[in-house]
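Count residues from 1 along the sequence.
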Amino acid sequence: MFFENLDYYILGEVVTVIVSVLLLYNVFASFSPYERRHRLFMYACVGCFLSALFDIISVFTNTYYTQVNQTLSFLVSTLYYVFLLIVPVAMAGYSLELAYAYREKTHPLYPALWVIYCLYLVVLVVNIFTGIVFSTDAINGYQYGPCKNITYILAIFYMAIIELVTCTHKKNMATRMFLSMILYPVIALCVLAFQFFFPKVLLTGASSLAALLLAYMTIQSDMLEFDLVTGLMTQHKLEKHVQLKNNSGVLFVLSIDNIQTIQSNMEASDFNTMLLLLGRQFTKRFERRCYHIATNRFAAIADTKELVEKYAAELYKVIEDANQDTSAHKLPVPIECYSVAVEFAKGSKSFNNVMDIVNNLLTKAKRTSCKQLLFCDESVLLDLERKRIIFQILKRELTFESHQYQVWFQPIYSVKENKFVYMEALSRLNGTELGDISPAEFVQVAENKGLIEKLGMVAFEKICKFIADNRNLVNAVSVNFSVYQMTNPNIVDYVLKTIAKFGLNPNNIIMEITESIFIDNYEVVYKNMTELSQAGVKFYLDDFGTGYSNLANVVKLPFSTVKMDRSLVLAMEESAKNVVLFRNLVSTFKDAELEILVEGIETQNQNYLVTTAGADYIQGYLYSRPLPPEQCLELLKLRK
C-alpha cells in the first residue's frame with residue numbers, strides 16, 4: 001500500500017495540519033491585524049501550518065524519490081525548512097511585545113531576530129549548491145548535510161530568548177501571560193527533544209502546535225475574562241459573579257479621578273506598569289476576586305464590610321506612599337481617587353442595579369470631595385429611586401403637547417436700545433409627582449439615560465411655536481444646543497425644516513454653543529455651524545470664561561456674539577486688575593466685530609462694571625428672572 005512504504009510516522013503532523021487550520025480560522029476571526037503582537041501570533045500559526053504541511057509532503061517525495069522529480073523534492077524540503085523556523089522567531093518577537101508593551105520605538109532585539117532568520121535563509125540558498133544542510137538525488141534520496149542540526153540550534157536559541165525576556169520582564173506581564181510564555185519554550189523543546197532522539201517520529205510541527213495552543217488558550221481566555229495590563233478579571237467576570245443566585249458579598253470600587261492627567265504625563269510603559277502594580281496590590285488583599293472594570297476603576301469583592309474597610313485603608317496608604325515618593329520613578333501628579341462599597345445579597349439585585357448604585361455613590365463622593373470609603377446608605381438608594389422616577393417622567397413628558405415639560409424665557413437687555421430685544425429659552429419640568437424638578441437634575445438624568453437629544457428637539461419645537469404665535473413681540477430666541485445635537489449628521493436639515501414648519505425665518509433663531517463642544521468634534525461642528533450660518537441662523541458662544549477658551553475658534557467660527565460667564569463678573573468685583581483685564585477682553589472681541597453679552601448680573605454695581613466695560617447686552621436677575629411664556633410676554637409689552 002502507498003502508506004505502508006513510508007519510513008516515518010506522520011500522524012502527529014497530520015493532526016497538526018488539521019488543528020492548525022482550525023486555530024488559524026479562530027485567530028483571523030478574533031485577533032486584530034493592526035496590532036503587531038497579534039500579527040506575530042498569526043505569523044506563528046501560519047508557520048506551524050505550512051511547516052507541518054511541507055513536512056508531510058516531503059516524507060512522500062523522499063520516500064518515493066525514484067519516482068518523483070528531484071527538483072520538486074528538493075523544493076518541498078527547502079520550503080519545510082523555511083517555514084519551520086517562523087514559529088520560534090514570531091513567538092520570540094511576541095515575547096518582546098509583551099515585555100515592552102507600548103514602547104514608542106522598536107526594541108533593538110526585535111529586528112535582530114529577523115536578521116538572524118534572514119541569515120538562516122541565506123544558508124538555505126547556499127544549501128542549493130553545497131548540500132550543507134541536506135541534499136536529494138535519484139540514487140540516494142534524501143541525505144543530511146554537516147549542518148543538519150542548524151534548525152534545532154536556532155530553535156533553542158529563540159526559545160532561550162523567550163525565556164530570558166519573560167523572566168527579566170515579569171513585572172510588565174500579567175501572571176497568566178507570564179506563566180504561558182515561560183511554559184511555551186519548555187513544551188516545544190520537550191517535543192523537539194523527542195523528535196531528535198526518535199527522528200522517525202515526525203513531531204516538529206506538533207512541537208510548535210502544542211506550545212501555540214497553550215499560548216492561544218491563555219490569550220483568548222485573557223481577552224475575554226482577564227485584563228492583560230493589570231492581570232485582573234474584567235467587568236464581564238464581575239457581572240457573572242454578582243448575578244449568580246448563590247453569591248453575596250460587598251463590592252468595593254476604587255476610581256482614579258485624574259487618570260487622564262496621569263496618563264498624559266507618563267510614558268505608556270510606565271503608566272501600564274503603574275496599573276499592573278496597583279492590580280497586584282488588589283490581588284494581594286482580595287486574592288482572586290479582583291477586577292479592572294474601566295481604565296480608571298478597580299473593583300473587588302469581600303465577604304464583609306469590615307474586610308472592605310480594612311483593605312481600603314491599606315490601599316489608600318499604598319496610594320499615599322506613591323504620591324509622596326521622591327524617587328526618580330515618582331508619579332508626575334498625585335493620584336486623586338474615590339472609593340465606594342455596596343453590599344449585595346443572594347439574588348436580590350441585578351448587576352446593572354448594583355453598578356447604578358456605584359455610579360451614584362462615586363458621583364456623591366466626588367461632589368462632596370469625600371476621600372474616605374463611602375458605603376451605600378438609605379440616602380443613596382433614595383436618590384437612585386428619585387432619578388429612576390425622573391427618567392420615567394421624562395420618557396412620558398418629552399412631547400410637544402406636554403404641560404409639565406415647559407420652556408421658560410429670560411429676557412436679554414440691549415444697552416444701546418435701552419430695552420429687551422432677545423430672550424433665552426430655558427427648560428423646566430414643573431408640576432410632576434415629584435413637584436418642580438430643577439434643570440440641573442433632570443438634564444443630567446436625560447444625558448445619562450440617552451434622552452438629551454429628544455429633550456433638545458421637543459424644546460426647539462416649543463420655542464419655534466412660541467415665536468410663531470408672538471411675532472409682534474418676539475424678534476428672536478436663543479437656544480442652547482448640546483454636543484449630541486451639534487454632532488448629529490441630520491442637525492442642519494432638522495433645524496431648517498422645523499423653522500420652515502412654523503413659518504419662521506432662520507434669523508429668528510440664535511443657537512448658543514459652549515466651546516467645550518469643539519474639543520473632540522471640531523470638524524463636524526464647524527461644518528454644521530457653517531451651513532446653518534449661511535442659511536441665516538445666528539450663533540452665540542456660550543459660557544466664555546468657564547475654563548476652556550480658544551480665541552482661534554472664536555474668530556474662525558461664525559459667532560456673532562460672545563456670552564461672558566458670570567464668573568468673569570464676580571472676578572471684576574474682586575480687584576481693579578480684573579476690571580482692566582475684562583475691558584481689554586471686551587475690546588479685543590469688538591475689534592473682531594463680535595458683540596458682547598454678559599450673563600448673571602444681579603446688582604447695580606455689577607451692572608455698572610459691565611456697561612462701562614462696553615457690554616452690548618445684559619442678562620440676569622437684576623433685569624428679569626426666567627419667566628413662564630405668558631409672564632415674559634407681559635414684561636415685553638411693558639418694556640416695549
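Closest approach of Ala613 and Val586 over heavy atoms only: O-CG1, 3.4 Å. Closest approach of Met457 to Tyr494, counting heavy atoms only: O-OH, 3.0 Å. Smallest separation of non-hydrogen atoms from Leu394 and Val445: CD1-CG1, 4.1 Å. Contact record, Gln604 with Leu622: NE2-CD1, 3.8 Å, taken as the closest heavy-atom pair. Ser624 and Leu635 make their closest contact through OG-CD2, 3.5 Å (heavy atoms, listed as atom of the first residue, atom of the second, distance). Phe420 and Pro411 make their closest contact through CD2-CB, 3.5 Å (heavy atoms, listed as atom of the first residue, atom of the second, distance).
Judged by distance alone, with hydrogens and angles left aside, the side-chain atoms of Asn505 form no donor-acceptor pair with the main-chain N or O of Asn507 at under 3.5 Å. No donor-acceptor pair under 3.5 Å is formed between the side chain of Tyr617 and the backbone N or O of Thr561. Asp436 places a side-chain N or O within 3.5 Å of a backbone atom of Gly431 that can act as its donor or acceptor partner. The closest donor-acceptor contact from the side chain of Ser264 to the backbone of Gln260 lies under 3.5 Å. Counting only distance, with no hydrogens or angles, the side chain of Thr612 and the backbone of Leu609 share a donor-acceptor pair below 3.5 Å. Of the possible polar contacts, one joining the Asn470 side chain to the Phe466 backbone as a donor-acceptor pair under 3.5 Å is found. Checking side-chain atoms of Thr230 against main-chain N and O of Leu276 turns up no donor-acceptor pair under 3.5 Å. Between the side chain of Asp270 and the backbone N or O of Met266, no donor-acceptor pair lies under 3.5 Å. Not a single donor-acceptor pair under 3.5 Å links the side chain of Ser339 to the backbone N or O of Leu254. Although no hydrogens or angles enter the test, the distance criterion places no donor-acceptor pair under 3.5 Å between the side chain of Ser587 and the main chain of Arg583.
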Test side-chain contact (heavy atoms from CB on, under 4.5 Å) applied to Phe539 and Leu557, step by step: CA-CA 9 Å; Phe539 285 92; Leu557 293 165; over 6 Å; no

Pair Lys317-Glu320, salt bridge (charged side-chain N to carboxylate O under 4.0 Å, His left out): steps then yes or no: CA-CA 5 Å; Lys317 181 66 170 60; Glu320 183 182 347; 6.0 Å; no

Intermediate values then yes/no, side-chain contact (heavy atoms from CB on, under 4.5 Å), Asn360 and Asp383: CA-CA 8 Å; Asn360 229 26; Asp383 186 50; 3.1 Å; yes

Test side-chain contact (heavy atoms from CB on, under 4.5 Å) applied to Gln619 and Lys563, step by step: CA-CA 10 Å; Gln619 179 181 357; Lys563 192 171 184 179; 3.2 Å; yes

Test log, rule side-chain contact (heavy atoms from CB on, under 4.5 Å), inputs Phe252 and Leu315: CA-CA 12 Å; Phe252 168 71; Leu315 287 168; 3.8 Å; yes

Criterion side-chain hydrogen bond (donor to acceptor under 3.5 Å, both in side chains) on Ser575 and Asn578, from CA distance to verdict: CA-CA 5 Å; Ser575 70; Asn578 289 339; 3.2 Å; yes

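A 4.5 Å side-chain heavy-atom check between Leu473 and Lys637 finds at least one atom pair inside the cut-off. At a threshold of 4.5 Å between non-hydrogen side-chain atoms, the residues Leu532 and Leu496 count as touching. Counting heavy atoms from C-beta outward, Arg297 and Gln235 have side chains that stay 4.5 Å or more apart. Two residues are said to be in side-chain contact when any heavy atoms from C-beta on lie closer than 4.5 Å; Glu441 and Arg386 meet this criterion. Counting only heavy atoms from C-beta outward, the side chains of Val569 and Val598 approach each other to under 4.5 Å. Side-chain contact between Cys337 and Tyr316: present, with at least one pair of heavy atoms (C-beta onward) separated by less than 4.5 Å. Between Pro629 and Phe409 there is a side-chain heavy-atom pair separated by less than 4.5 Å. Leu361 has its side chain within reach of Val342: a pair of non-hydrogen atoms, C-beta onward, lies under 4.5 Å apart.
In this structure, Lys449 satisfies the cation-pi test against Phe391, with its NZ or CZ atom closer than 6.0 Å to the six-membered ring centre and inside 45 degrees of the ring normal. Cation-pi geometry between Lys305 and Phe375 is satisfied (NZ or CZ under 6.0 Å from the ring centre, within 45° of the ring normal).
A donor-acceptor contact closer than 3.5 angstrom links the side chains of Tyr405 and Ser427. No side-chain N or O of Asn475 forms a donor-acceptor pair with one of Asn508 less than 3.5 Å apart. If you check the side chains of Glu512 and Ser478, you find a donor sitting under 3.5 Å from an acceptor. For the residue pair Gln404/Arg428, the side-chain donor-acceptor check at 3.5 Å is not satisfied. In summary, the side chains of Asp591 and Thr588 do not present any donor paired with an acceptor at a separation below 3.5 Å, with no hydrogens or angles considered. Side-chain contact annotation: Glu573 with Asn605, donor-acceptor N/O pair under 3.5 Å present. In this model, no donor atom of one side chain and acceptor atom of the other lie less than 3.5 Å apart for Gln406 and Lys462. Looking only at atom types and distance, the side chain of Gln410 has no donor-acceptor partner in the side chain of Trp408 under 3.5 Å away. Side-chain atoms of Glu424 and Asn480 form a donor-acceptor pair, as typed in the model, at a separation below 3.5 Å.
Remark: Leu275 CG to Phe298 CZ distance equals 5.0 Å, nearest 0.5 Å. Between Leu429 atom CG and Ser438 atom OG the span is 9.5 Å, to the nearest 0.5 Å. For the atom pair OG1 of Thr234 and OH of Tyr291, the computed distance is 9.5 Å after rounding to the nearest 0.5 Å. Remark: Gln631 CD to Leu636 CG distance equals 12.0 Å, nearest 0.5 Å. In this structure, the separation between OG1 on Thr487 and CG on Asn528 is 8.5 Å, given to the nearest 0.5 Å. Of the inter-residue distances, the one linking Leu633 atom CG with Asp469 atom CG reads 9.5 Å to the nearest 0.5 angstrom.
The aromatic rings of Tyr413 and Tyr623 sit parallel, their planes meeting at an angle under 30°, below the 60° perpendicular limit.
For Phe400, the CZ atom counts as densely surrounded, since its 6.0 Å shell holds more than 12 non-hydrogen atoms of other residues, nucleotides or ligands. Counted within 6.0 Å of NZ on Lys366, heavy atoms from surrounding residues, nucleotides or ligands total 12 or fewer; the atom is thus considered open. The neighbour count for Gln392 CD, taken as heavy atoms of other residues, nucleotides or ligands under 6.0 Å away, is above 12. The environment of Lys387 atom NZ is dense: over 12 non-hydrogen atoms of other residues, nucleotides or ligands sit within 6.0 angstrom. Within 6.0 Å of atom CD in Glu593, 12 or fewer heavy atoms from other residues, nucleotides or ligands are found, so the atom counts as exposed in its surroundings.
Using a 4.0 Å cut-off between a side-chain N of Lys or Arg and a carboxylate O of Asp or Glu, Glu433 and Arg396 qualify as a salt bridge. Checked for salt-bridge contact, Glu523 and Lys527 miss the test: no charged N lies under 4.0 Å from a carboxylate O.
Under the 6.0 Å cut-off for aromatic ring centres, Phe460 and Phe481 qualify, their centroids lying closer than that.
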